[in-house]
Amino acid sequence: MTELEALADLLDGGRVVVLEGAGMSTGSGIPDYRGPGGSLQRHTPMTYQEFTGSSEARRRYWGRSHVGWEHFRRARPNDAHRAVAALEGAGVVTGVITQNVDGLDLAAGTREVVELHGNLDRVVCLRCGELTARAELAERLSAANPGFDARVEQLHALNPDGDADLTEAQLEGFRTVACRRCGEDALKADVVFFGETVPEDRVARSFELLDAARVLLVLGSSLAVMSGYRFVLHAARNGQPVAIVTAGPTRGDEKAALKVDAPLQEVLPAVLERLRLRL
């Protein structure tokens, strides 16, 4: 039996919960962190402590993120996203736990999605808690910076957390805007920064989905950070089979009942075909 056949047979029993990492969205033009050419090789993401502790750090973040957002907002679901949505529609997948912040699972039509690390589509005020649309903030930032024309020409200059690699010269003169409700310089993308805690309700819902599942399917994640790896550990302790489909080694390989080292956009459509499902 081939790995593909074994994966299809494992999923055919249903009650599958999917855990996704950044590799899920590389086919949509969004780079990952740790894969070949991943952004961590050249880019240190801003931490929550740095962001909240310095208005200058916030200015740099919003300047870079304003440029990166132009790319993110144009990204569209790829065949891997559509395959997961099809598996959910067929009753095979019962929920998705995604570490991605691009919203592409929802855009592909998947309904039961826990966005563990939030979504770049939203902006939250850390002072008063108001949530606003990212598109609205983009318009305000453009209006506040009429001469700002920084851009990136290469995909590797973008990062999965939504910002772009820009020089200090490119960021010179960039201005942030305040919260419209409270007037404070406290706006933050509604995503979990490095060093920030994942909201408890999202973690609790993820474990609820996993405890009701038969199989945990990991897609496009190296499982290098505990926010995702803990679900593999939980499944293994419960005796639930773990299947991993991603390019390269992962932290959870020893816990996996099945590992497929191949591109998601090739594997998942092939699994659908074997299960007689369509994208």
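Within a 6.0 Å sphere centred on CD of E172, other residues, nucleotides and ligands contribute 12 heavy atoms or fewer.
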For this session: Before giving the answer on side chain to side chain contact (heavy atoms under 4.5 Å, CB included), spell out for L264 and M24 the whole-Å C-alpha distance, their side-chain angles and the decisive distance to 0.1 Å.
Result: CA-CA 7 Å; L264 289 173; M24 188 75 178; 3.8 Å; yes
For this session: Kindly determine whether F231 and V17 satisfy side chain to side chain contact (heavy atoms under 4.5 Å, CB included), including the steps that lead there.
Result: CA-CA 10 Å; F231 299 115; V17 163; over 6 Å; no
Exercise. Can E136 and R180 be said to form a salt bridge (Lys or Arg N to Asp or Glu O under 4.0 Å), step by step?
Worked result: CA-CA 11 Å; E136 176 187 320; R180 278 184 164 167; 3.1 Å; yes
Exercise. Which is it for R122 and E115 under the salt bridge (Lys or Arg N to Asp or Glu O under 4.0 Å) test, yes or no, and what are the steps along the way?
Worked result: CA-CA 12 Å; R122 302 183 300 265; E115 294 180 312; 3.6 Å; yes
Exercise. Checking side chain to side chain contact (heavy atoms under 4.5 Å, CB included) for the pair L275/D12: CA distance, chi angles, key distance, verdict?
Worked result: CA-CA 7 Å; L275 295 175; D12 196 27; 3.6 Å; yes
For this session: Could you walk me through whether N238 and D211 pass the side chain to side chain contact (heavy atoms under 4.5 Å, CB included) test, one step at a time?
Result: CA-CA 8 Å; N238 287 349; D211 285 340; 3.4 Å; yes
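Considering all non-hydrogen atoms of both residues, S206 and L116 come closest at OG-CD1, 3.7 Å. Pairing each heavy atom of Q240 with each of R214, the nearest pair is CB-O, 3.8 Å. Minimum interatomic distance between N78 and S25 (heavy atoms only, all atoms of both residues): ND2-CA, 4.0 Å. Among all heavy-atom pairs drawn from G118 and R202, the shortest one is N-NH1, 3.2 Å. Pairing each heavy atom of L272 with each of A86, the nearest pair is CD1-CB, 4.0 Å. Q99 and S227 get closest at one heavy-atom pair: OE1-OG, 3.6 Å.
Taking 4.5 Å as the limit, some side-chain heavy atom of L10 sits within range of a side-chain heavy atom of P241. Residues L210 and L216 meet the side-chain proximity criterion, which asks for heavy atoms closer than 4.5 Å. The side-chain heavy atoms of V123 and L131, taken from C-beta on, include no pair separated by under 4.5 Å. Side-chain contact between T246 and L219 is absent, with no heavy-atom pair separated by less than 4.5 Å. Side-chain contact check for V16 versus T94: every heavy-atom pair is 4.5 Å or farther apart. At a threshold of 4.5 Å between non-hydrogen side-chain atoms, the residues R60 and E50 count as touching. In this structure, the side chains of V271 and L11 come closer than 4.5 Å at one or more pairs of heavy atoms. Side-chain atoms of V218 and E20, non-hydrogen and from C-beta on, never get closer than 4.5 Å to each other.
Linking ILVMFWY side-chain heavy atoms closer than 4.5 Å, directly or via other members, places I97 and L120 in two distinct hydrophobic clusters. The hydrophobic clustering, which links ILVMFWY residues whose side-chain heavy atoms are closer than 4.5 Å, places M46 and L171 together. In the hydrophobic clustering of ILVMFWY residues, with side-chain heavy atoms under 4.5 Å counting as a link, F194 and V192 come out apart. Residues M226 and V191 do not share a hydrophobic cluster, defined by chaining ILVMFWY side chains whose heavy atoms lie under 4.5 Å apart. If you chain together hydrophobic residues whose side chains sit under 4.5 Å apart, V215 and L277 fall into the same group.
Between the side chain of H81 and the backbone N or O of A107, no donor-acceptor pair lies under 3.5 Å. The closest donor-acceptor contact from the side chain of Q170 to the backbone of T167 lies under 3.5 Å. Between the R76 side chain and the R74 main chain, a donor and an acceptor come within less than 3.5 Å of each other. A donor-acceptor contact shorter than 3.5 Å links the side chain of E88 to the backbone of E112. Without hydrogens or angle criteria, T52 side chain to Y48 main chain gives a donor-acceptor distance under 3.5 Å. Side-chain atoms of E5 come within 3.5 Å of backbone N or O of T2 as a donor-acceptor pair. Put simply, the side chain of R251 gets close to the backbone of A224: a donor and an acceptor are under 3.5 Å apart. At distances below 3.5 Å, not a single donor-acceptor pair connects side-chain atoms of R127 with backbone N or O atoms of C182. For the pair N145 (side chain) and R175 (backbone), a donor-acceptor distance under 3.5 Å is present. Judged by distance alone, the side chain of N100 and the main-chain N or O of D102 form no donor-acceptor pair under 3.5 Å.
For residues 254-271, the pairs satisfying salt bridge (Lys or Arg N to Asp or Glu O under 4.0 Å) are D253-K259, with sequence neighbours left out.
To the nearest 0.5 Å, atoms OG1 (T110) and CG (L104) are separated by 10.5 Å. Between R181 atom CZ and L187 atom CG the span is 11.5 Å, to the nearest 0.5 Å. The distance from atom CG of L19 to atom CG of L209, rounded to the nearest 0.5 Å, is 11.5 Å. For the atom pair OG of S222 and OH of Y229, the computed distance is 11.5 Å after rounding to the nearest 0.5 Å. With rounding to the nearest 0.5 Å, the separation of CD1 in I244 from CG in L217 is 9.5 Å.
Taking the salt bridge (charged side-chain N to carboxylate O under 4.0 Å, His left out) definition, one finds that D121 meets it with nothing, sequence neighbours left out. Judged as a ring pair (Phe, Tyr, Trp, His ring centres under 6.0 Å), and not counting sequence neighbours, the contacts of Y61 are F51, F193.
Side-chain atoms of S142 and H66 include a donor-acceptor pair closer than 3.5 Å. Side-chain N/O atoms of D185 and S55 include no donor and acceptor closer than 3.5 Å. Under 3.5 Å, the side chains of S65 and R134 contain a donor-acceptor pair of N or O atoms.
A salt bridge does not link E273 to R276: none of the charged side-chain nitrogens sits closer than 4.0 Å to a carboxylate oxygen.
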